[in-house]
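The next block holds one structure in the form of structure tokens; read it before the comments.
In this chain, residues are counted from 1 in sequence order. Quantities reported herein were computed from a predicted structural model and do not represent experimental measurements.
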Amino acid sequence: MTGGSRGIGKAVAAALLAEGAEVAIAARDLGRLDEASADLGAAAGRAVPALQADTGDDASVRRLVAAAQDRLGGVDILVNCAARPAGQAPPLSWPEITGEAFWSDVNVKVLGYLRCAQAAAPGMVAAGWGRIISVSGLAALSTGSVIGSIRNVAVSAMTKNLADELGPSGVNVNAVHPGLTRTEATPGVIAAQAAAAGVDPAEIERRMAGRNLTRTLIDASQVAAVIAFLASPLSVSINGESIACGGGIPGVIRY
């Protein structure tokens, strides 16, 4: 579970632990990673290995997957979630985008996801079963963030290509597209936006929730429930898909 120290990644780890899976979490920040490991382990009643890694680096990813295989006895499920969070600050407009900003984002979210799949998939193929789920985002389906759209569309394209190659070996590969999602960072984001706009925080949350059809802010645990299903044997009929789980986008038909 990459990006497992906070947000959707940590919620996914909790959901998989609740289903009985053995889970290792990975992130760059060792302090935050150790805290998440302790929280998750206390709730699950068993150890949750914390593996420090940078998915933007080839060698770090190879070490990560080798360590996870050693600690868990193998890797049957890979959840890619290590990426710069979206929605916490205004996206760069096209005149503001630099090569450094673009490539640093794509290196972690797109190439980082691919690195992890390249390292973990051979073991899954050898076992004849596996699941790879990548957390992308609704920017793949709309404009408003140039880098966000490009990186998330790329994750969807990578997902389908991997599914076509790995599916015959029993490995299902899918992606999910969360939208605005409530995580531990949300109160701070709401407070900052409320202060900037001179309105009550409740009004900011109402505006955020109003962007989807449920008119509620989707919680990280609700996204995690979708991923836990995709990680299970019950999801055998779903392969190569990118599934929106942001509460429904008004006015959009996808087919």
Side-chain angles (χ1 to χ4, degrees), residues 1-5 7-9 12-13 16 23-28 51-69 72 74-86 97 99-127 129-141 145-178 223 226-227 230-231 235 238-244:
M1 174 75 245
T2 71
S5 65
I8 291 173
V12 172
L16 293 175
V23 176
I25 59 172
R28 288 182 296 184
L51 307 175
Q52 188 178 27
D54 178 1
T55 59
D57 178 78
D58 291 347
S60 183
V61 168
R62 289 193 294 269
R63 289 192 297 269
L64 165 64
V65 173
Q69 290 169 334
L72 303 177
V75 174
D76 303 310
I77 300 164
L78 165 66
V79 181
N80 283 315
C81 194
R84 181 176 291 113
I97 294 171
E100 181 181 0
F102 179 87
W103 288 115
S104 64
D105 215 342
V106 170
N107 180 46
V108 172
K109 186 155 191 179
V110 183
L111 284 177
Y113 285 12
L114 180 58
R115 289 182 185 101
C116 291
Q118 288 173 322
M124 299 179 188
V125 169
W129 192 94
R131 295 289 187 267
I132 299 173
I133 304 106
S134 294
V135 178
S136 185
L138 287 178
L141 308 179
S145 171
V146 176
I147 295 177
S149 291
I150 291 171
R151 71 177 190 170
N152 290 347
V153 168
V155 169
S156 290
M158 179 186 68
T159 293
K160 177 55 176 165
N161 276 277
L162 290 176
D164 280 10
E165 293 196 36
L166 298 174
S169 298
V171 181
N172 283 30
V173 188
N174 293 291
V176 296
H177 290 321
V223 176
V226 176
I227 295 172
L230 292 173
S235 69
I238 304 174
N239 203 0
E241 302 295 336
S242 294
I243 300 168

- prompt: Taking all atoms of both residues into account, what is the closest heavy-atom pair of V173 and N239, and its distance?
  reply: N-OD1, 2.7 Å
query: Looking at W129 and D76, what are the two nearest heavy atoms and their distance?
result: CZ3-O, 3.8 Å
query: Under a 4.5 Å cut-off applied to non-hydrogen side-chain atoms, are I238 and I243 in contact?
result: yes
task: Would you name the heavy atoms of M124 and V75 that are closest together and state the gap between them?
output: CG-O, 3.5 Å
- prompt: So which heavy atom on I77 is nearest to which on A231, and how close?
  reply: CD1-O, 3.6 Å
message: Distance alone, cut at 3.5 Å: any donor-acceptor contact between the side chains of N80 and S134?
response: yes
Pairing residues for D57 by the salt bridge (Lys or Arg N to Asp or Glu O under 4.0 Å) criterion, not counting sequence neighbours: none
- line: Here the pair of heavy atoms bringing N172 nearest to S235 is ND2-O, 3.4 Å
field: Side chains of I25 and L51 in contact at under 4.5 Å (non-hydrogen atoms)
entry: no
field: Electrostatic pair R115-D58, nearest N-O below 4.0 angstrom
entry: yes
message: Given 3.5 Å as the limit, does a donor-acceptor pair link the side chain of T159 with the main chain of G240, or not?
response: no
- request: Return yes if some donor-acceptor pair links the side-chain N/O of N107 with the main-chain N/O of G56 below 3.5 Å, else return no.
  value: yes
Residues K109, D105: salt bridge by 4.0 Å N-O rule: no
- prompt: Are any side-chain N or O atoms of S149 and backbone N or O atoms of V146, one a donor and one an acceptor, separated by less than 3.5 Å?
  reply: no
task: Heavy atoms only: give me the nearest A83-V108 pair and the separation to one decimal.
output: CA-CG1, 4.0 Å
task: Taking the side chain as every heavy atom from C-beta outward, state whether P178 and L138 have any pair of such atoms under 4.5 Å apart.
output: no
Side-chain (S60) to main-chain (T55) donor-acceptor, under 3.5 angstrom: no
task: Taking the side chain as every heavy atom from C-beta outward, state whether R84 and S104 have any atom pair closer than 4.5 Å.
output: yes
message: Are V79 and T2 packed together at the side-chain level, in the sense that at least one heavy-atom pair is separated by less than 4.5 angstrom?
response: no
- prompt: Can you check whether Q118 reaches R62 side chain to side chain, under 4.5 Å on heavy atoms?
  reply: no
field: Residues that S156 engages under side chain to side chain donor-acceptor pair (under 3.5 Å), provided they are two or more places apart
entry: H177, S242
- request: Report yes if some heavy atom in the side chain of Y113 is under 4.5 Å from a heavy atom in the side chain of V135; otherwise report no.
  value: yes
